[in-house]
Amino acid sequence: LLSGDPPRSPRSGPSPQGPRSCPRHVQFGSSPQSQPRSPSCPSPGPAAPSGVRGSTQPRCRDSPRPAWPAALFRCGGRLWMGRRPPSPEARCPAPRRPAASPHARSPASSGTSPGPQAGKMAAPMELFCWSGGWGLPSVDLDSLAVLTYARFTGAPLKVHKITNPWRSPSGTLPALQTSHGEVISVPHKIITHLRKEKYNADYDLSARQGADTLAFMSLLEEKLLPVLIHTFWIDTKNYVEVTRKWYAEAMPFPLNFFLPGRMQRQYMERLQLLCGEHRPEDEEELEKELYQEARECLTLLSQRLGSQKFFFGDAPASLDAFVFSYLVLLLQAKLPSGKLQAHLRGLHNLCAYCTHILSLYFPWDGAEVPAPRQTPAGPETEEEPYRRRNQILSVLAGLAAMVGYALLSGIVSIQRATPARVPGTQALGMAEEDEEE
């Protein structure tokens, strides 16, 4: 194919001009750029075959299409015909790769970076919080605030409601374990992390509403939080009959013996920090001042809420999560000394506000404490004597085990004392021994 003469078609016969030397003609084996171009078009004549089969008469340079016909390109032992050079992949195709072995390692197992679908398999966020009681999803103030905010935003959390804080990743409750393995144990920081993850309950609030949120949050922490701590952890009747009783029954043995007392001391220190240096030394005067400020705070919240469903309209915000957690504890707990509880129940819009949120966002989380076991023997009054009997038997068994351990280890030994005898009575004593035998 690479000879100097062009191939002849059997229909055209011999060329009248002999070997073609037209400047428009491209000979095989020579480059079109090396031929000189004529300024004018050749005169029409009989159709002569070009260097490529099926090609027509050469076109003029003034034609809109290229002047030269299709060129030949050689690559890899193949001939390509066309007016445009093919792509590098078409001209020199890549060699075929062998089929992947079923035992070949995947990119994930070879240590390479995962693809875009790896983010879908990320571990979910896990929230560890106190369990529920008193008809509430949680009995802890901070845990209840975080749970309520998560329900408002629809954050996909895997919630672990536990009664042992040592099972938490941080040793405290509440605690959030993020999808990256980070552990956050402060309620405000947990909510900030949820906002960074695009779960923000305040996204549509105006600047003024945002300022109101900060103001009311400061008011709650300054006026209402000290009274809540005093009501549940400092007041003797409430602490013994309600708070310590619930934690002692819910916590596993032996944590229920010392953890409630430790938590009480921590809340006492927290109350001292909240009251500051201006705290009155007299306990009665301090209690009177705290409760007076708390009643004023509740009245202000009732006036701000009015007849609305939530504080900023028909959609809940972060302020609603904190206000609800503060109020519903006072409203639901059966307190023997409920000074502030009576004032709260007199504010009907706040009571309806708490009931609405509790039924709307926690319809099945109301009471999550283990229900008392129902035995077919009869009513609950018949179970009380058996409970007392089991307690007495367990105490007696413990005492017996302690005494047995003391005897076996040699801590306590039993020796029989023999009375001293007078030498003159030795014979009489021997006679008495014989009689005894």
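Just so you know, these numbers come straight off a predicted model, no measurement behind them. Values reported hereafter were calculated over all heavy atoms of this structure, with side chains retained and with hydrogens, waters and symmetry mates removed.
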**Item:** Reported CG-to-CD distance for the pair Leu259 and Gln264, which is rounded to 0.5 angstrom
**Value:** 13.0 Å
**Request:** Apply the test side-chain hydrogen bond (donor to acceptor under 3.5 Å, both in side chains) to residues Thr243 and Tyr267: give CA-CA distance (whole Å), side-chain angles for both, the deciding distance (0.1 Å), then the verdict.
**Result:** CA-CA 12 Å; Thr243 308; Tyr267 276 104; over 6 Å; no
**Request:** Starting from the C-alpha separation in whole Å, work towards a yes-or-no answer on side-chain contact (heavy atoms from CB on, under 4.5 Å) for His160 and Glu126.
**Result:** CA-CA 7 Å; His160 302 274; Glu126 300 185 23; 3.0 Å; yes
**Prompt:** Taking it one step at a time, do Leu340 and Leu224 satisfy side-chain contact (heavy atoms from CB on, under 4.5 Å)?
**Reply:** CA-CA 10 Å; Leu340 191 62; Leu224 201 55; 4.1 Å; yes
**Prompt:** Per the ring-ring contact (aromatic ring centres under 6.0 Å, His included) rule, which among Phe257, Phe232, Phe258, Trp233 passes with Tyr247?
**Reply:** Trp233
**Message:** Go through it in stages, so that I can follow the logic: the residues are His188 and Phe322, the test is side-chain contact (heavy atoms from CB on, under 4.5 Å), and I'd like the CA-CA distance, side-chain angles, deciding distance and then a yes or no.
**Reply:** CA-CA 11 Å; His188 290 278; Phe322 283 93; 3.9 Å; yes
**Asked** What is the minimum heavy-atom distance between Ile162 and Phe128, and which atoms define it?
**Response** CD1-CD2, 4.3 Å
**Asked** Does the side chain of Pro174 reach to within under 4.5 Å of the side chain of Asp140, using non-hydrogen atoms?
**Response** yes
**Prompt:** Does the side chain of Thr231 come under 3.5 Å of the side chain of Tyr291 through a donor N or O and an acceptor N or O?
**Reply:** yes
**Item:** Distance, nearest 0.5 Å, that separates CZ of Arg262 from CG of Leu255
**Value:** 9.0 Å
**Prompt:** Closest approach of Leu290 and Val227, non-hydrogen atoms and distance?
**Reply:** O-CG2, 3.2 Å
**Prompt:** For Lys339 and Glu287, what are the C-alpha separation, side-chain angles and deciding distance, and is it a salt bridge (Lys or Arg N to Asp or Glu O under 4.0 Å)?
**Reply:** CA-CA 11 Å; Lys339 302 176 183 179; Glu287 181 179 349; 2.3 Å; yes
**Request:** Any chance you could lay out the side-chain hydrogen bond (donor to acceptor under 3.5 Å, both in side chains) test for Asn349 and Ser302, step after step, and finish with the verdict?
**Result:** CA-CA 7 Å; Asn349 61 338; Ser302 176; 2.8 Å; yes
**Message:** For a quick test of reading the model, state the closest non-hydrogen atom pair linking Ser318 to Arg195 and the distance between them.
**Reply:** OG-NH2, 3.4 Å
**Prompt:** So do Ile234 and Tyr239 actually touch side chain to side chain, heavy atoms under 4.5 Å?
**Reply:** no
**Asked** Hey, what do you get for CZ (Phe324) to CZ (Arg151), rounding to the nearest 0.5 Å?
**Response** 10.5 Å
**Request:** Scan for side-chain hydrogen bond (donor to acceptor under 3.5 Å, both in side chains) pairs involving residues 210-228, sequence neighbours excluded, and state none if there are none.
**Result:** none
**Request:** Determine, step by step, whether Tyr353 and Asp320 satisfy the side-chain hydrogen bond (donor to acceptor under 3.5 Å, both in side chains) criterion, reporting the C-alpha distance in whole Å, the side-chain angles of both residues, the deciding distance to 0.1 Å, and the verdict.
**Result:** CA-CA 10 Å; Tyr353 168 80; Asp320 296 282; 2.9 Å; yes
**Request:** Please examine the side chains of Asn256 and Glu249, heavy atoms only from C-beta on, and report whether any two atoms are closer than 4.5 Å.
**Result:** no
**Prompt:** Would you say Trp130 and Leu147 make side-chain contact, with heavy atoms under 4.5 Å?
**Reply:** no
**Message:** Minimum heavy-atom separation for Tyr149 and Ala201, please, with both atom names.
**Reply:** OH-N, 3.2 Å
